[in-house]
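Every chain is numbered from 1, with letters handed out A, B, ... down the list of sequences.
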Amino acid sequence: MKNNNTIQSPLGKAKGLGSSHHGTGHKIAHNITTLTNIPLVAWVIYSVCSLRDATYEEFTTYMSHPVSIVVAILFVVSTLKHFALELQVVYEDYISCKCLRMMKIIGMKILFLVLGLATIVSILKIAFGAGV
Amino acid sequence: MTDDTTENKKMRDRPLSPHLQVYRLPYNAKMSITGRMAGIGLALSLMAALVWFIAVVWNPPLYDQTMTLLDHPYSKYVFIVWAFVIFFYMGNGIRHVLWDMGIGVNEKSGIMTGNIVLLLSTLLTFGLWQISCGCWSGYFDNAVTQEGEQNEE
């Protein structure tokens, strides 16, 4: 073992007890997405308000604009990343059973990944109008 | 139990463990748990919105159906609540970023910035409501005509 100063046994290390050392990265990513969400959510609010009485053709025309495509994809990635981190903390705080907790966190992240990819594909479908 | 000795006073002044059943939540704790609940609500509503978007893209007739649903007079209240929760959550998020930078980490600042967030999110919600659809004037017009119709009857 490299670190002889620790009193943690190899078994304790293998069981993954103690700090995971992922907390700071988690918090930094959460704060960065908090800030990046502000302009992206502002754009979504503006879009929803301006598309209030839009027909489907107007809706697709708006979503086909290059700016709309880029910002919408950024919105999906940024918000889903933010809420994945947010919900992970909620699960870690309130679910004491480790097995259930890990299943919930992993399931939630897989769900968000699938949802995000499906949304991005849908954004691209509107943008390029492929008759799938 | 007999008299108020220094020892008893010491016992009383000891901090209380923040256990939900025995702890009367102070303002900052209420704001904290409200922010978390807002986050959970927004996560769920974001998922619902994305599912709606995907469904509309792959099944265009659904668009007109959901737009008819949005014409319901009560649907605007859903959007107003949604807007308030979004602004509240974003304000809380900015507070968290500032706290991580070491700004305003004490009880008084927490109460002050919490009040600022509540005030700003209320103002922004009403401002957005007014800008987006002129619902204030529309609302009052409807109220007046409805009263007029009732009077005629």
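Between chain B and the residues A/Asn37, A/Leu111, A/Val90, A/Leu35, the largest count of heavy-atom pairs under 4.5 Å involves A/Val90.
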Given the rule in the side-chain contact (heavy atoms from CB on, under 4.5 Å) test, do A/Thr119 and B/Val51 qualify, once you have shown the distances and angles that lead to the verdict?
CA-CA 8 Å; A/Thr119 312; B/Val51 167; over 6 Å; no

Check the pair B/Leu62 / A/Tyr56 against side-chain contact (heavy atoms from CB on, under 4.5 Å), numbers first and verdict last.
CA-CA 10 Å; B/Leu62 191 67; A/Tyr56 187 71; over 6 Å; no

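Interatomic distance, B/Met101 CE to A/Asn31 CG, rounded to the nearest 0.5 Å: 9.5 Å. The line from CZ of A/Arg52 to CG of B/Asp71 is 8.0 Å long, rounded to the nearest 0.5 Å. The line from CD1 of B/Ile54 to CG of A/Leu115 is 5.0 Å long, rounded to the nearest 0.5 Å. The distance from the CG atom of B/Leu46 to the CZ atom of A/Phe112 is 7.0 Å, given to the nearest 0.5 Å. Between the OG1 atom of A/Thr79 and the CG atom of B/Leu50 there is a distance of 6.5 Å, given to the nearest 0.5 Å. Atom OH of B/Tyr89 sits about 3.0 Å away from atom CD of A/Glu86, to the nearest 0.5 Å.
The two residues B/Phe79 and A/Val48 come nearest to each other via the heavy atoms CE2-CG1, 4.3 Å. Across B/Tyr63 and A/Ala54, no two heavy atoms sit closer than the pair OH-O, 2.9 Å.
In this structure, chain B has no heavy atom under 4.5 Å from any part of A/Thr60. In this structure, chain A has a heavy atom under 4.5 Å from the side chain of B/Ile86, while its backbone stays farther away. Interface residue A/Thr34: only side-chain heavy atoms are found under 4.5 Å from chain B. Contact annotation for A/Ala84: neither backbone nor side-chain heavy atoms come within less than 4.5 Å of a heavy atom of chain B.
Using a 4.5 Å heavy-atom cutoff, the side chains of A/Met63 and B/Val57 are not in contact. Looking at B/Phe87 and A/Ile45, their side chains come closer than 4.5 Å, going by heavy atoms from C-beta outward. At least one side-chain heavy atom of B/Arg36 sits less than 4.5 Å from a side-chain heavy atom of A/Val89. Two residues are said to be in side-chain contact when any heavy atoms from C-beta on lie closer than 4.5 Å; B/Phe53 and A/Ile123 meet this criterion. Using a 4.5 Å cut-off on side-chain heavy atoms (C-beta onward), B/Leu128 and A/Cys49 make contact. For the pair B/Met47/A/Phe83, no side-chain contact is recorded, criterion being any heavy-atom separation below 4.5 Å from C-beta on.
Neither B/Val85 nor B/Leu123 shares a network with the other; the hydrophobic side chains, linked directly or stepwise wherever heavy atoms of I, L, V, M, F, W or Y lie under 4.5 Å apart, form separate groups for each. There is no path of hydrophobic side-chain contacts, each under 4.5 Å, that joins B/Val78 to B/Leu44. Tracing side-chain contacts under 4.5 Å through hydrophobic residues (I, L, V, M, F, W, Y), one reaches B/Leu70 starting from B/Val81; they form part of the same cluster. Residues A/Val121 and A/Ile110 are members of separate hydrophobic clusters, defined by side-chain heavy-atom contacts under 4.5 angstrom among Ile, Leu, Val, Met, Phe, Trp and Tyr. Residues B/Phe84 and B/Leu120 do not share a hydrophobic cluster, defined by chaining ILVMFWY side chains whose heavy atoms lie under 4.5 Å apart.
Within 6.0 Å of OH in B/Tyr27 there are more than 12 heavy atoms belonging to other residues, nucleotides or ligands. Within 6.0 Å of the NZ atom in A/Lys104, the count of heavy atoms belonging to other residues, nucleotides or ligands does not exceed 12.
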